[in-house]
Amino acid sequence: THLEDLALFQGKEGAQKAISFLKNLTQLAKTSSAEKFNVTIKWDGSPAIFCGTDPSDGKFFVGTKAVFNKGAKLNKSLDDIAVNHPDVKEEGDKAGLRDKLKKAFVGLSKLGIKNVLQGDLLFTKGSLKTIQYEGKSYIAFKPNTLTYAVPVNSELAQKIQKADIGIVFHTSYSGNSLEEMTASFD
């Protein structure tokens with residue numbers, strides 16, 4: 001979640017968390033204190049991936065940010081993805097999105113996710129590249145506007161190279177229906 005969204009999602013408590021974070025960050029920047037301070041990274045992936053179990057029928061689904069819209073496209077099979085995300089629409093080619101959703105469906109359907117999760121797609125196996133920067137090799141991926149580069153010899157790079165898909169999950173939803181779901185942020 002973006003810092004500025006905490007007040008919207010969590011009310012007064014969220015606003016207090018945001019203020020506390022900014023005060024701590026200011027204090028940390030002013031001193032060389034050994035006091036512990038947690039900083040988190042907000043990954044910038046695309047598209048947003050929603051997945052989990054539809055509470056209305058208990059079936060696994062994958063979708064985009066429109067899963068909470070009226071008439072939402074919940075993809076509960078590879079055929080659903082083909083129908084809901086055709087090759088070409090007026091605004092351009094959607095094959096890339098369809099292929100990403102198919103990969104997400106195949107991989108995530110095996111995990112037994114019981115609630116609904118939201119995350120950002122960082123990479124698929126085919127989107128990874130090896131780049132050179134200042135004489136060193138990196139595994140790189142650019143899911144949106146930022147390019148992420150991980151040293152090729154690192155443990156993280158080895159995990160990335162073995163993965164079919166990389167998603168950073170940040171929000172969990174619970175409720176008796178998609179319309180009634182409430183979010184919690186991790």
Side-chain angles (χ1 to χ4, degrees), residues 1-6 8-9 21 25 38-54 60-69 72-78 80-82 84-85 87 89 91-134 136-174 178 181 183-186:
T1 290
H2 292 251
L3 184 64
E4 66 273 14
D5 293 336
L6 284 174
L8 294 173
F9 293 126
F21 177 86
L25 185 61
N38 291 327
V39 176
T40 60
I41 296 173
K42 173 145 184 354
W43 295 86
D44 182 32
S46 180
I49 297 286
F50 289 76
C51 64
T53 302
D54 181 351
F60 178 80
F61 75 91
V62 165
T64 62
K65 61 185 173 185
V67 299
F68 295 119
N69 291 356
K73 297 176 182 178
L74 299 181
N75 302 298
K76 298 179 182 179
S77 69
L78 294 176
D80 286 351
I81 295 170
N84 291 333
H85 306 278
D87 280 343
K89 292 196 174 199
E91 66 270 10
D93 185 4
K94 294 292 181 181
L97 174 62
R98 186 184 62 247
D99 291 342
K100 290 173 183 177
L101 288 172
K102 284 181 178 180
K103 289 176 181 175
F105 184 87
V106 169
L108 298 172
S109 65
K110 298 173 187 174
L111 300 180
I113 300 168
K114 298 298 180 201
N115 52 346
V116 175
L117 301 176
Q118 175 186 350
D120 293 321
L121 179 71
L122 297 177
F123 64 85
T124 59
K125 194 174 262 321
S127 68
L128 298 174
K129 295 180 172 59
T130 302
I131 64 168
Q132 298 293 316
Y133 180 73
E134 295 184 351
K136 296 181 182 172
S137 294
Y138 295 85
I139 299 300
F141 47 95
K142 185 177 180 179
N144 201 357
T145 57
L146 299 175
T147 298
Y148 296 94
V150 179
V152 75
N153 294 327
S154 68
E155 185 178 331
L156 179 57
Q158 292 170 12
K159 288 179 181 180
I160 288 171
Q161 290 176 302
K162 289 179 184 176
D164 291 323
I165 189 168
I167 301 174
V168 60
F169 288 106
H170 52 74
T171 307
S172 176
Y173 296 87
S174 59
L178 289 176
M181 290 208 156
S184 60
F185 306 96
D186 298 322

So which heavy atom on [X] is nearest to which on [Y], and how close?
X    : Y    : value
G52  : I113 : CA-CG2, 3.8 Å
H85  : R98  : O-CD, 3.3 Å
S137 : Q132 : OG-NE2, 2.6 Å
L108 : C51  : CD1-SG, 3.8 Å
N144 : G45  : ND2-O, 4.0 Å
L122 : P143 : O-CB, 3.3 Å

Under the salt bridge (charged side-chain N to carboxylate O under 4.0 Å, His left out) test, which residues partner D54, sequence neighbours left out?
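D54 satisfies salt bridge (charged side-chain N to carboxylate O under 4.0 Å, His left out) with K76 once adjacent residues are dropped.
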For [X], all residues meeting side chain to side chain contact (heavy atoms under 4.5 Å, CB included), sequence neighbours excluded:
X    : value
N69  : A66
K114 : none
T53  : none

Results of side chain to side chain donor-acceptor pair (under 3.5 Å) for [X] - residues two or more places apart only:
X    : answer
T147 : none
D164 : none
E134 : none

When you compare the side chain of I49 with that of T64, does any pair of heavy atoms fall below 4.5 Å?
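They are not in side-chain contact.
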Taking D120 for the side chain and D44 for the main chain, is one N or O donor matched with an acceptor at less than 3.5 Å?
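No: the side chain of D120 does not pair with the backbone of D44.
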Is a side-chain donor or acceptor of Y138 paired with a backbone partner of Y148 at a separation under 3.5 angstrom?
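Pair absent, no side-chain N/O of Y138 close to backbone of Y148.
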Sort and list the pairs that fulfil ring pair (Phe, Tyr, Trp, His ring centres under 6.0 Å) and have at least one residue in residues 103-124, not counting sequence neighbours.
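Residue pairs with at least one partner in residues 103-124: F60-F105, F123-F141.
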List, one per line, each side-chain donor-acceptor pair under 3.5 Å for residues 151-158, sequence neighbours excluded.
residue, atom, partner, partner atom, Å
S154, OG, P151, O, 2.7
S154, OG, A157, N, 3.1

Working note: L74 + D80, criterion side chain to side chain contact (heavy atoms under 4.5 Å, CB included); need CA distance, chi angles, decisive distance, verdict.
CA-CA 8 Å; L74 299 181; D80 286 351; over 6 Å; no
Quick one: list whatever passes ring pair (Phe, Tyr, Trp, His ring centres under 6.0 Å) with F50, sequence neighbours left out.
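Testing F50 for ring pair (Phe, Tyr, Trp, His ring centres under 6.0 Å), a comparison that skips the adjacent residues, returns F68.
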Out of curiosity, [X] [atom1] to [Y] [atom2], how far, rounded to the nearest 0.5 Å?
X    : Y    : atom1 : atom2 : answer
D99  : S127 : CG    : OG    : 12.0 Å
K103 : T124 : NZ    : OG1   : 4.0 Å
I139 : L128 : CD1   : CG    : 6.5 Å

Counting neighbours of NZ on K125 that are heavy atoms of other residues, nucleotides or ligands and sit closer than 6.0 Å, is the number greater than 12?
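Yes, enclosed.
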